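Protein chains get the first letters and strands the later ones, always in sequence-line order, with residue 1 at the start of each. Predicted model, so just to flag it, every value in this text is computed and none were measured.
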2 protein chains.
Amino acid sequence: MRQGRITIEDVASAAGVSRQTVSRVINDSPRVSPAAKARVEQAIAALGYVPSLAARSMGGGRSRLVLAVFEGPPPGARPALPLDRLLLAGTAACRARGYRLMFEQLASGQPAAEGKAQLAATLGAVQPDGMILLPPLGSRADLRALAEARGIAADSLDGPQGAAGNPGEAAAQHLIALGHRQVGFIAGATDPQVSQQNLAGYRRALARSGSRAHRHFAAANAPDLPALLDLAQSWLVPTIRPTAIIAERAQTALAVLHVARTLGLAVPRELSLLALEDDPALMRSQPPVTALHEPTAPLFAAACERLMAARDADGEPADEDAQDGSARAVLALPLMLELVERASLARAPRRA
Amino acid sequence: MRQGRITIEDVASAAGVSRQTVSRVINDSPRVSPAAKARVEQAIAALGYVPSLAARSMGGGRSRLVLAVFEGPPPGARPALPLDRLLLAGTAACRARGYRLMFEQLASGQPAAEGKAQLAATLGAVQPDGMILLPPLGSRADLRALAEARGIAADSLDGPQGAAGNPGEAAAQHLIALGHRQVGFIAGATDPQVSQQNLAGYRRALARSGSRAHRHFAAANAPDLPALLDLAQSWLVPTIRPTAIIAERAQTALAVLHVARTLGLAVPRELSLLALEDDPALMRSQPPVTALHEPTAPLFAAACERLMAARDADGEPADEDAQDGSARAVLALPLMLELVERASLARAPRRA
DNA sequence: GTGAAAGCGCTAACAC
DNA sequence: GTGTTAGCGCTTTCAC
């Protein structure tokens, strides 16, 4: 049993009011006289009172908890999600509104039914006010139903609809719009499925534009550094070479950049570079490399916000973040992608 | 208010017992007749009953929550901690015992008093059963005191004592023990302070051995890829060159490996390579690169275990993880470091 | 072995 | 505006 935990009752008697009034103050209900409010607030500060989450949850039916559900990585592999950033962004967003974030990991290989059972147990135990299905769980209607049955709001990063786009396709389109025909693509995403989709999207975009570059300048697998350098070399040395390259990984883009510089190819004048993953290192390279990626962490924070706002049914959103010098733009339709414009993109040179 | 939430009462009446008996079953207390236990368990399964965390917390004074406290990264920087792995390992460890993990981020630049106040508020609200101070917070006695005052067990990755070692020094010693004199070091850790310490440790070890290599083969800052390749080149081409190189980052080790191969230097026969960070990519390189690092995630999971075991005061530890082919060894004194032995280390060649 | 009673700290619904 | 009364779903303590 907790030691001399100070409760709402202590505050009440210290302030000479009933505990209900104290409750009203901490929930800033409008119907409290300024005088009483002041006394209560002072007592709270003096005693260092903090309301218990568990008690509030029991009493009021609101747990002030948001549950983030994700699919764990297959054993030995790295997670496909930037969990560290999600954790940072999510806890911050929740804190700002007095909520707390909890993560639930569903085993990856697991049959759907098992994951469902596990989630059901967690929802029952934790009783979060809201649940966020992280990719690729956003499409799991069964999990959504689970929440709905319990009166728990569910959301995902794709927004309520689930209209995620294809980064590979968008990137290719963007480059094509800049006049490029010879556009290369180097895969390497953590999740091979994601790579598949990006590659397919890239191919579609190029085919639509009438280019055939995707037959020569598409690398499907994730080579290690030596292979990567060789690959870039083999693409960039010949006269007929890509004028733009899309790299799924930031590291890959950096490696290509290195090769280009070695060969005396000017970036972006003679070669445009676009990464499908953002990373601080892209900012510090020479020149800084532009990235087009799904802004997972911000989307996650936004989802947290949505859930909390829905519960609280009030307006005031939390604070927003600062800038870092790169130009950022969220691409319009058909997808939620962020283009972090730096200095590695240019119109295609006259003769490719 | 939650819909038709099924409670312990529902289970009790379904099983024809008092709710007390149900409580005994879910807490597996010994004093329940097998018959009653069976009926209750069946009712639980039939109804899909899950005890509410909040209610248990209120009733019993145990929240079954573990709080992990970490210092957030400075804005724009990446976290020094492998938060993603911590999240994975921690949630798994806690799950296994029916606990849940929560993270608390203390702003990095923040004055100590503010962080303390924030943590105090969180401890009050969440009332975790245990708290883990992640590096470098493990040394903050004030935060520990906060927990103690509330009867909350505190722990950190260094163990109760705080006897962390110096990976840079240990790595250098290990290589020296293998006969190397010309040992190089390339920094690049996320946290510059960590780099400083590793570098210092490396210098100490070399100085002790009488080598002067640290005057020529120590790179203090984290160069980008091109600079890195140049650096490796400049070290490895001359006749007097390192026979072993320590790299703080896995990526760095890989880059050096590439340069060595380009130059026709056999790894590990002519050049040993040791990374101070582990990464799946090290496993897949040619040859696989050995790593010596603080096994943060396992240590974290162990800390969770310790806290939960202390609370539960029972013996049974949770399941342990599997292997992946690399040989692992936890170095004895004076530090908690894990040597993931792969194939990039050998005794120094006859003439350096 | 089992049950009845009390209480954990809070909020919702009503009084006043 | 403020206080009073009920619970929320569990565990504890103590009877039986």
Interatomic distance, B/Q20 CD vs C/dA4 C1' [rounded to whole Å]: 9 Å

Nearest-angstrom distance from the residue atom CG of B/D10 to C1' of D/dC10: 13 Å

Partner residues of B/Q20 under the side chain to side chain donor-acceptor pair (under 3.5 Å) criterion, sequence neighbours left out: none

Spacing between A/M58 atom CE and D/dG7 atom P, to the nearest angstrom: 13 Å

Listed once per pair and sorted, the salt bridge (charged side-chain N to carboxylate O under 4.0 Å, His left out) pairs that draw on residues 21-33 of chain B, sequence neighbours left out: none

A/A89: side-chain contact (heavy atoms from CB on, under 4.5 Å) partners, not counting sequence neighbours: A/A297, A/A301

Length of the CD1-C1' vector between A/I8 and D/dC8, whole Å: 15 Å

Set of residues satisfying side-chain contact (heavy atoms from CB on, under 4.5 Å) with respect to B/S13, sequence neighbours excluded: none

Which residues share a side chain to side chain donor-acceptor pair (under 3.5 Å) with A/R85, sequence neighbours left out: none

Interface residues of residues 11-19 of chain A with DNA chain C (non-hydrogen, below 4.0 angstrom): A/R19

Worked verdict on A/R64 versus A/D129 for salt bridge (Lys or Arg N to Asp or Glu O under 4.0 Å): CA-CA 6 Å; A/R64 288 146 211 267; A/D129 288 343; 6.0 Å; no

No-hydrogen, no-angle side-chain donor-acceptor test under 3.5 Å, B/S63 and B/R56: no

Short side-chain N/O contact to D/dG1 OP1/OP2 from A/T21, under 4.0 Å: no

Nucleotide D/dT12, atom P - distance to CZ of B/R62 in whole Å: 8 Å

Residues from residues 32-57 of chain B lying under 4.0 Å of DNA chain C - heavy atoms: B/V32, B/S33, B/A36

For B/R100, all residues meeting side chain to side chain donor-acceptor pair (under 3.5 Å), sequence neighbours excluded: A/E104, A/T122

Detail all sub-3.5 Å separations between protein N/O atoms and N/O atoms belonging to nucleotides 14-16 of chain D.
none

Contacts of B/A14 that satisfy side-chain contact (heavy atoms from CB on, under 4.5 Å) - sequence neighbours left out: B/A43, B/L47

Residue pairs, two or more places apart or on separate chains, that pass salt bridge (charged side-chain N to carboxylate O under 4.0 Å, His left out) and touch residues 32-46 of chain A: none

Results of side chain to side chain donor-acceptor pair (under 3.5 Å) for B/R140 - residues two or more places apart only: B/D142

Length of the CD-P vector between A/E9 and C/dT11, whole Å: 12 Å

B/R31 side-chain proximity, nearest of D/dT11, C/dG1, D/dC10: C/dG1

